[in-house]
Peer 1: 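Mind looking over this structure? Questions follow.
Letters go in sequence order (proteins before strands), and every chain restarts at 1. Reckoned from all heavy atoms, side chains included, excluding hydrogens, waters and symmetry mates.
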There are 2 protein chains.
Amino acid sequence: MVDETADSAAPARLMTTPSWLITQTATHAHRFVSEGLAAVDARAYHYRLLAALEEFGPASQAALGRRCGVDRSDMVAMINELADRKLLERAPDPSDRRRNIITITPAGVRQLRRLDDVLAEVQDVLLAPLAAEERDQLAGLLARVLRHHQYG
Amino acid sequence: MVDETADSAAPARLMTTPSWLITQTATHAHRFVSEGLAAVDARAYHYRLLAALEEFGPASQAALGRRCGVDRSDMVAMINELADRKLLERAPDPSDRRRNIITITPAGVRQLRRLDDVLAEVQDVLLAPLAAEERDQLAGLLARVLRHHQYG
DNA sequence: GCAAGTTTGTTGGCATAACCCACGATCGCC
DNA sequence: GGCGATCGTGGGTTATGCCAACAAACTTGC
């Protein structure tokens with residue numbers, strides 16, 4: 001038994017409230033991810049965008065935002081940043097002059113692989129107390145909740 | 001099979017990355033909680049503080065912050081707000097003149113009960129796709145992860 | 001073919017959350 | 001009695017998720 005009555009034990013009400021558990025765990029997750037990615041001079045949304053581009057191919061900014069759950073207006077700065085680092089390219093769409101076509105570069109693909117490694121490491125730290133099957137279980141449950149609220 | 005190739009399907013890389021699933025689910029959770037509590041003119045941290053006060057009794061601002069994972073400096077405004085609504089009281093500690101003693105009021109206890117109901121409803125909406133045992137499973141897994149990173 | 005509505009990129013703004021630092025006052029320790 | 005630590009408070013920073021507006025370009029309905 002660990003001494004949890006010290007001064008830092010959270011209320012029982014919170015520890016049994018899923019929404020609290022989720023948001024609190026998310027805070028930790030977010031910090032680990034940020035720190036891990038900062039070590040290779042990257043940010044969380046770099047991974048999101050590069051992953052979507054590699055999996056689905058070139059897309060407009062708006063379409064990319066829809067996939068990654070990013071607001072149209074927030075995409076601009078993100079893409080600027082990625083484009084500055086030559087990880088993707090922004091070119092006007094000849095067939096629709098409103099749009100830009102965003103394409104991942106070879107350097108972007110390489111960076112994506114690097115981020116894959118970093119994030120795998122982060123998951124390991126975050127989920128340290130869970131066995132492999134338990135991690136899958138957790139991911140499965142969360143994925144179902146997510147799907148329900150996105151394609152509901 | 002649902003049509004997920006539409007325009008909104010997230011990259012597979014993300015849907016299998018726990019940290020993404022957690023932070024994304026947390027966004028939904030946070031929104032449901034905020035909206036639910038806003039309906040009774042309350043905020044998420046109201047519940048946190050009131051719950052801690054009822055369970056552990058009166059405490060200093062710093063101790064309260066430690067329990068709820070709130071920064072010392074952020075506690076000030078939160079407590080002001082709760083004190084304005086007469087849900088708790090802030091009194092100087094005679095035995096340590098640096099500290100304030102925060103005490104929940106009877107109205108605070110009543111409000112806490114009301115928030116309990118609201119939050120139970122919110123959990124139900126958030127975890128709609130999961131059966132009762134699955135919700136417990138999810139809560140259990142998250143609680144273990146949380147404990148590991150807090151009393152690690 | 002043209003008018004009305006919609007989509008796209010962009011700028012700017014707002015609210016919240018989780019930090020961090022600095023300060024004066026106070027306490028505990030030795 | 002002096003020194004380090006703690007407490008409440010104020011200030012500032014950063015990231016995130018929104019929403020509003022706009023001009024340019026597209027699509028639809030007639």
Peer 1: Can you pull every protein N or O that's under 3.5 Å from an N or O on nucleotides 20-25 of chain C?
Peer 2:
| unit_1 | atom_1 | unit_2 | atom_2 | d |
| --- | --- | --- | --- | --- |
| C:dC20 | N4 | B:Ser73 | OG | 2.7 |

Peer 1: If you look at every strand shown and take non-hydrogen atoms under 4.0 Å, does A:Ser34 touch a base, only sugar-phosphate, or nothing?
Peer 2: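 No contact at all - A:Ser34 keeps every heavy atom at 4.0 Å or more from the nucleic acid.
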Peer 1: Rounded at 0.5 Å granularity, tell me how far CZ in A:Arg110 sits from CG in A:Leu50.
Peer 2: 12.0 Å
Peer 1: Side-chain contact test, heavy atoms from C-beta onward, threshold under 4.5 Å: evaluate it for B:Asp71 versus B:Met75 and give yes or no.
Peer 2: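 No - every pair of side-chain heavy atoms lies 4.5 Å or more apart.
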Peer 1: Just the rounded figure in Å: distance from P of D:dT9 to CD1 of B:Ile79.
Peer 2: 8 Å
Peer 1: Output the rounded distance in Å from CE (A:Met75) to P (C:dT7).
Peer 2: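 Rounding to the nearest Å, CE of A:Met75 and P of C:dT7 are 18 Å apart.
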Peer 1: Taking a hydrophobic cluster as the set of Ile, Leu, Val, Met, Phe, Trp and Tyr residues connected by side-chain heavy atoms closer than 4.5 Å, whether directly or through intermediates, do B:Ile101 and B:Val76 fall within one such cluster?
Peer 2: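 The answer is no; the residues belong to distinct hydrophobic clusters.
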Peer 1: Tell me whether the OP1 or OP2 atom of D:dA15 has a side-chain N or O from A:His30 closer than 4.0 Å.
Peer 2: no
Peer 1: For the side chain of A:Thr27, starting at C-beta, report the closest nucleotide among C:dG9, C:dA18, C:dT26.
Peer 2: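 The answer is C:dA18, which lies nearest to the side chain.
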Peer 1: Apply the test side chain to side chain donor-acceptor pair (under 3.5 Å) to residues B:Asp116 and B:Tyr47: give CA-CA distance (whole Å), side-chain angles for both, the deciding distance (0.1 Å), then the verdict.
Peer 2: CA-CA 8 Å; B:Asp116 269 331; B:Tyr47 187 70; 2.6 Å; yes
Peer 1: So, does B:Asn80 get its side chain near the phosphate of D:dT9, meaning an N or O under 4.0 Å from OP1 or OP2?
Peer 2: no
Peer 1: CD1 of B:Ile102 versus C1' of D:dC7: gap in Å, rounded?
Peer 2: 12 Å
Peer 1: Taking only side-chain nitrogens and oxygens of B:Arg66, does any of them come within less than 4.0 Å of OP1 or OP2 of D:dT6?
Peer 2: no
Peer 1: Measuring from the side chain of B:Ala62 (C-beta onward, heavy atoms only), which nucleotide among C:dT11, D:dC7, D:dT16 has the closest atom?
Peer 2: D:dC7
Peer 1: Rounded to the nearest angstrom, tell me the gap between atom CG in A:Asp93 and atom P in D:dT27.
Peer 2: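 A:Asp93 atom CG is separated from D:dT27 atom P by 11 Å.
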Peer 1: For B:Asp96 and D:dA5, give me the distance from atom CG to atom P, rounded to whole Å.
Peer 2: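 One finds 17 Å between P of D:dA5 and CG of B:Asp96, rounded.
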Peer 1: OP1 or OP2 of D:dT6 versus the side-chain N and O atoms of B:Gln61: is any pair under 4.0 Å?
Peer 2: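 Looking at the OP1 and OP2 atoms of D:dT6, neither is under 4.0 Å from any side-chain N or O of B:Gln61.
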Peer 1: Please report, rounded to the nearest Å, how far the P atom of D:dA24 is from the CG atom of A:Asn100.
Peer 2: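 Computing the A:Asn100:CG to D:dA24:P distance gives 16 Å.
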Peer 1: On DNA chain C, nearest-nucleotide positions of A:Ala63 versus B:Pro94: which is more 5'?
Peer 2: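 Nearest nucleotide further toward 5': that of A:Ala63.
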Peer 1: Side chain to side chain donor-acceptor pair (under 3.5 Å) for B:Arg43 and B:His46? Distances and angles first, verdict last.
Peer 2: CA-CA 5 Å; B:Arg43 308 203 172 217; B:His46 291 197; 5.1 Å; no
Peer 1: Using whole Å, what does the distance between atom C1' of nucleotide C:dT16 and atom NE2 of B:His46 come to?
Peer 2: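 It works out to 13 Å between those atoms.
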Peer 1: When the distance from CZ of A:Arg31 to C1' of C:dC19 is rounded to whole Å, what number comes out?
Peer 2: 10 Å
Peer 1: Considering only NZ, NE, NH1 and NH2 on the basic side and carboxylate oxygens on the acidic side, decide whether A:Asp41 and A:Arg114 come within less than 4.0 Å.
Peer 2: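 No, no charged N to carboxylate O under 4.0 Å.
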Peer 1: Which residue, B:His30, B:Gln123, B:His28, forms the side chain to side chain contact (heavy atoms under 4.5 Å, CB included) with A:Ser19?
Peer 2: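 Only one of B:His30, B:Gln123, B:His28 forms a side chain to side chain contact (heavy atoms under 4.5 Å, CB included) with A:Ser19, namely B:Gln123.
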